[in-house]
Every structure is written in structure tokens, then in C-alpha cells.
Amino acid sequence: MTFDELKALDHQYTMQTYGRFDVAIDHGNGATLYDLAGEPYIDFASGIGVNSVGYAHPRWVAAVSEQAGKLAHISNLYYSEPYARLAERLCQRTGMSAAFFGNSGAEANEGLIKLARKYSFDRYGKGRGTILTLNQSFHGRTVTTLAATGQEVFHNYFFPFTEGFRYANANDIASVEGVAGHDVCAVLVELVQGEGGVNPLEPEFVQKLAELCAKRDWLLLVDEVQTGVGRTGSLFAFQQYGIQPDAISFAKGIAGGLPMSGILASERCAAVLGPGTHATTFGGNPICAAAALAVQDILDDEAIAGVKEKGDYLRKAIEQMEVPCIKGTRGLGLMIGVELEEGVNNKELAAELIANRLLVLTAGGNVLRLLPPLTISQEELDQGLEIIRHTLS
């Protein structure tokens, strides 16, 4: 199929809910992708952070293939080995006590919201279900997670939105206390705000927030959908902030390219959601869980530690480019924001980079967002940097 034929098929038979770039990807290897004509692209996007171990990693392919030939799906009415082994691995590596598996980041955040509200209901009864989130946050595209998102641009069209959310400013504990009240049950934060502009929270603010939550018996919930699974240089970003959340959500990179998500709960929250209170048909799918176990094996502690080195290298190289349109960089590990000068449109620049065969993303605040596969090679990093240098100059 040619690109024009594929594009025509898409426009005729799929809802036009995405502003797609003019490229069709056919296959990949490592952090290099190939279009329908066989032309190579360096990937600094990893499917919006999903392809954590790149493309066609032999250990990942073997795990998926073996499980597909054994058991694809059975539902949560029965036990199966892969999800149980994955739950054990994640809990042991995080200090958490229990896992719940789902399918998408928004679904995982819905699970956090339900967990917090039931925890509070069990202890205090009705009237204490409000969750505080931060301005410039993003937590998903369901009606409830859109309401949780602290960006007014997303609060449109789909009225009425779910009630029970208030918003505070990041890195401002007085702002959090200013919107608090007796109806609050939890605070939900991204430790690096991805869609909002790749904005890392200040450690001092996060630690004060944890203290406030403990004092008022609010649950501290961390949205690790984008920051998790080694993306920031530790298995989860919270492990770099000196805190132990009550629960976290994860998705994107967990299964290396297959749809999987979940939540991890602390000991005091592990039994909050009992039988009949929360469920999902595909959660803990054996193939996805087998893929996630392979990702854990590939991204061992040594590989994850190397993510910081790669991120530092990438940021330093970009900051040293003698081009007028870059204001600076920010982020953690291989979750990098490149802030652009006024007058340079991030979406137009992303399109130019993609035309020059480098896949990138954008974020709020006129930022280019870079999320390369965590296994990207030095050669691929340098090839991507050369495309940035060439395009910007």
C-alpha cells in the first residue's frame, strides 16, 4: 500500500480525531523507524513514551510470541501466572503492597480517583470526596480525568464534567492550602508535568505536600503514566523525591508497546477496593503482562541508571547548539522539554523535524517534548541531534 492509499483509507473510514503528521510508519528496529517506502526515521517520541525498549527487541518479541501461543486472554474470573508475577516484581521494586492492572493511563487515573474516594468514605462517610490537582496538569481524556486536568482548554464541549476537583499552583504550598477544605480526600500530581510543558516539580514542594497529606489524612496520589517505567532515571519518578505515595498510576511504557496500565497501592490502601468495587475485562491480560515482565528484565537497575546519562547528554548537546530559537531545556532523564523562543511555533518546528526524519512531540508552553526509547543507542542519539542541528540552523 502506498502512503496516499493509506491516507485515503484513513480519511474515508476513521473518525478524524487526530491531527496526524504526514508520515506512515511501517516497522522499526531499536530506536529507528521506517516508513512505507523504507526511509529511516530516528525516534525521539517512542509512541508518546510507550515503546520503552524500542522496536523489535528480541527478548520482548520472544516473550510476547511465547505467551501468544500459550494463552492470550482468560479474564479476571480466573488466576493466570503472568499478572501475578508482574505484581510481585513491581511491588518489590517500589515498596508498594498491591497492584491493579488496567489498559490505559486515563483508566489508571480513574482507579486512583475511585480508590481515594472510597478510602475516605470508609473512614469518614459522605461529603469528603474532593481531589486537589495542579494547574497545567494532565490526567486523561475521560470525562472524569478531563475534569481532574488543571488546564481550562480541556474543560469544554463535554458538559457536565464530573464534580469534585479543585486546582492549585505547582510549587506553591500556600496555593494548595488556599483551595483545601474539609471536603478534600486526596491530592493528585504528576512529578513532571508532561503535556503541560515538561515541568518538574520542586522536591521541597513535593515533600511539604506529602507532609500536608499525612497531617490531614489525604491520600497522596502520583500520576506516573508518563514518568514511570524508567523514563526519568528511576523505575518511578517518586523514588527520586524522597516520598512514598499512598498510590500511583502507571501506563505507557509498562508493556513496551502493548496497551496496559495499572495502579500500585500502599499497605494502608491495598484492601480499599474489594470485590465488586472496581474491575476491567482486559486488565492483567496474559500477553501484556508477559511483555511487561520482559520490559522489567530489559530495564534492570543498570539500564535505568543509564537513562540519566543519556538525558544529560541530550540536554547538554541541545543547549550547546549555536541556534537562536532555543531558550533552554528542562526535564528528568529521557523526559525532556526544549523551550523555544517567542516567534517559533513548536508544532511547525515538529513538522519540519519529522520531514527531516526525526520524530518528536510537542507540549504546552511552546515546548518540543523528547521521549526517546530508553534503550536508544549512542549512534541514534547523535543522528537525532544532527537532524535537530541541521533543521534549526
(message) Is it the case that over 12 heavy atoms from other parts of the model lie below 6.0 angstrom from the CD atom of E342?
(response) no
(request) Compare every heavy atom of D35 with every heavy atom of V23, then report the nearest pair and how far apart it is. (result) CG2-CB, 4.3 Å
(request) Take F154 and F161, measure what side chain to side chain contact (heavy atoms under 4.5 Å, CB included) needs, and give me the verdict at the end. (result) CA-CA 11 Å; F154 290 105; F161 286 96; over 6 Å; no
(message) List the residues meeting ring pair (Phe, Tyr, Trp, His ring centres under 6.0 Å) with Y41, not counting sequence neighbours, and say none if there are none.
(response) none
(message) I'd like to know if R369 and E195 make a salt bridge, using a cut-off of under 4.0 Å between side-chain N and carboxylate O.
(response) yes
(message) How about CD on E267, more than 12 heavy atoms from neighbouring residues, nucleotides or ligands closer than 6.0 Å, or not?
(response) no
(message) Please check: side-chain N/O of N169 versus main-chain N/O of L134, any donor-acceptor pairing under 3.5 Å?
(response) no
(message) If I take atom OG1 from residue T329 and atom CZ from residue R315, how far apart are they, to the nearest 0.5 angstrom?
(response) 3.5 Å
(message) Tell me whether the count of non-hydrogen atoms from other residues, nucleotides or ligands lying under 6.0 Å of CD in Q207 goes above 12.
(response) yes
(message) To check you understand the geometry: which heavy-atom pair defines the closest contact between K327 and L340, and what is its length?
(response) CD-O, 4.1 Å
(message) I'd like to know if the side chain of E190 reaches the main chain of F138, judged simply by a donor and an acceptor atom lying under 3.5 Å from each other, with no hydrogens or angles considered.
(response) yes
(request) Give a yes or no on whether the backbone of F205 and the side-chain of N171 come within a donor-acceptor separation of less than 3.5 Å. (result) no
(request) Considering non-hydrogen atoms only, spot the tightest contact between P160 and V143 and give its length. (result) O-CG1, 4.0 Å
(request) Measure from NZ or CZ of R117 to the centre of the six-membered ring of F165, then state whether that distance is under 6.0 Å and the direction lies within 45° of the axis. (result) yes
(message) Quick check: closest heavy atoms across W60 and A294, and the distance to 0.1 Å?
(response) CA-CB, 4.1 Å
(request) Answer yes or no: is there a donor N or O on one side and an acceptor on the other, between the side chain of T145 and the main chain of R141, under 3.5 Å? (result) yes
(message) So that I can tick it off, tell me whether D43 and R357 are bridged by a salt bridge, with the cut-off set at under 4.0 angstrom between side-chain N and carboxylate O.
(response) no
(message) Could you measure the distance from the NZ atom of K114 to the CG atom of N109? Nearest 0.5 Å is fine.
(response) 13.5 Å
(message) Quiz question: by atom type and distance under 3.5 Å, do the side chains of E177 and S175 form a donor-acceptor pair?
(response) no
(request) Measure centre to centre between the rings of H278 and F100, then say whether the value is under 6.0 Å. (result) yes
(request) Indicate whether the side chain of T280 and that of E107 have a donor and an acceptor atom separated by less than 3.5 Å. (result) yes
(request) Kindly compute the distance separating CG (L6) from NE2 (H11), expressed to the nearest 0.5 Å. (result) 9.5 Å
(request) Measure the spacing between CG of L392 and CE of M321 and express it to the nearest 0.5 Å. (result) 7.0 Å
(request) Side-chain contact test, heavy atoms from C-beta onward, threshold under 4.5 Å: evaluate it for L349 versus V344 and give yes or no. (result) yes
(message) Does either side chain, that of T391 or that of N356, offer a donor lying less than 3.5 Å from an acceptor on the other one?
(response) yes
(message) Taking D22 first and then K7, would you say they form a salt bridge - that is, a charged N and a carboxylate O separated by under 4.0 Å?
(response) yes
(message) Check E66 with K70, please: is the shortest side-chain N to carboxylate O separation under 4.0 Å?
(response) no
(message) Over 60° means perpendicular and under 30° means parallel, so tell me whether F282 and H73 are parallel, tilted or perpendicular.
(response) tilted
(request) Give a yes or no on whether E309 atom CD has more than 12 heavy-atom contacts from other residues, nucleotides or ligands under 6.0 Å away. (result) no
(request) Kindly give the heavy-atom pair with the smallest separation between E224 and T227, and that separation in Å. (result) OE1-OG1, 2.6 Å
(request) Tell me yes or no: between the side chains of Q240 and S234, is some donor less than 3.5 Å from an acceptor? (result) yes
(request) Indicate yes or no for a side-chain donor-acceptor contact from S80 to the backbone of P286 under 3.5 Å, with no hydrogens or angles considered. (result) no
(request) Please confirm whether Y157 and F159 have ring centers closer than 6.0 angstrom. (result) no
(request) Indicate yes or no: does R166 engage D183 in a salt bridge with an N to O separation below 4.0 Å. (result) yes
(message) Between D312 and K308, does any NZ, NE, NH1 or NH2 come within less than 4.0 Å of an OD or OE carboxylate oxygen?
(response) no
(request) Output the distance between atom CG (L90) and atom CD (Q296), rounded to the nearest 0.5 Å. (result) 5.0 Å
(message) Between E380 and T32, do the side chains contain a donor N or O and an acceptor N or O under 3.5 Å apart?
(response) yes
(request) Evaluate whether atom CD of Q378 has more than 12 neighbouring non-hydrogen atoms of other residues, nucleotides or ligands under 6.0 angstrom away. (result) yes
(request) Step through the shown structure and confirm whether more than 12 heavy atoms of other residues, nucleotides or ligands are within 6.0 Å of CD1 on I243. (result) yes
(request) Consider only side-chain N and O atoms of Y124 and D217, and report whether a donor and an acceptor are under 3.5 Å apart. (result) yes
(request) Quick one: pull up CG in D297 and CZ in R89 and give me the separation to the nearest 0.5 Å. (result) 4.5 Å
(message) Closer than 4.0 angstrom, basic N to acidic O: yes or no for K316 and E319?
(response) no
(message) Can you confirm whether F44 sits close enough to I336 that some side-chain heavy atom of one is under 4.5 Å from a side-chain heavy atom of the other?
(response) no
(request) Before accepting this row, confirm whether a basic side-chain N of the pair D172/K208 lies closer than 4.0 Å to the acidic partner's carboxylate O. (result) no
(request) Examine distances only and state if a side-chain atom of Q244 and a backbone atom of T94 form a donor-acceptor pair shorter than 3.5 Å. (result) yes
(message) Regarding Y18 and D10, do their side chains bring together a donor and an acceptor under 3.5 Å, going by distance alone?
(response) no
(request) Give me the ring orientation class for F238 and F236: parallel if the planes are under 30° apart, tilted from 30 to 60°, perpendicular past 60°. (result) parallel
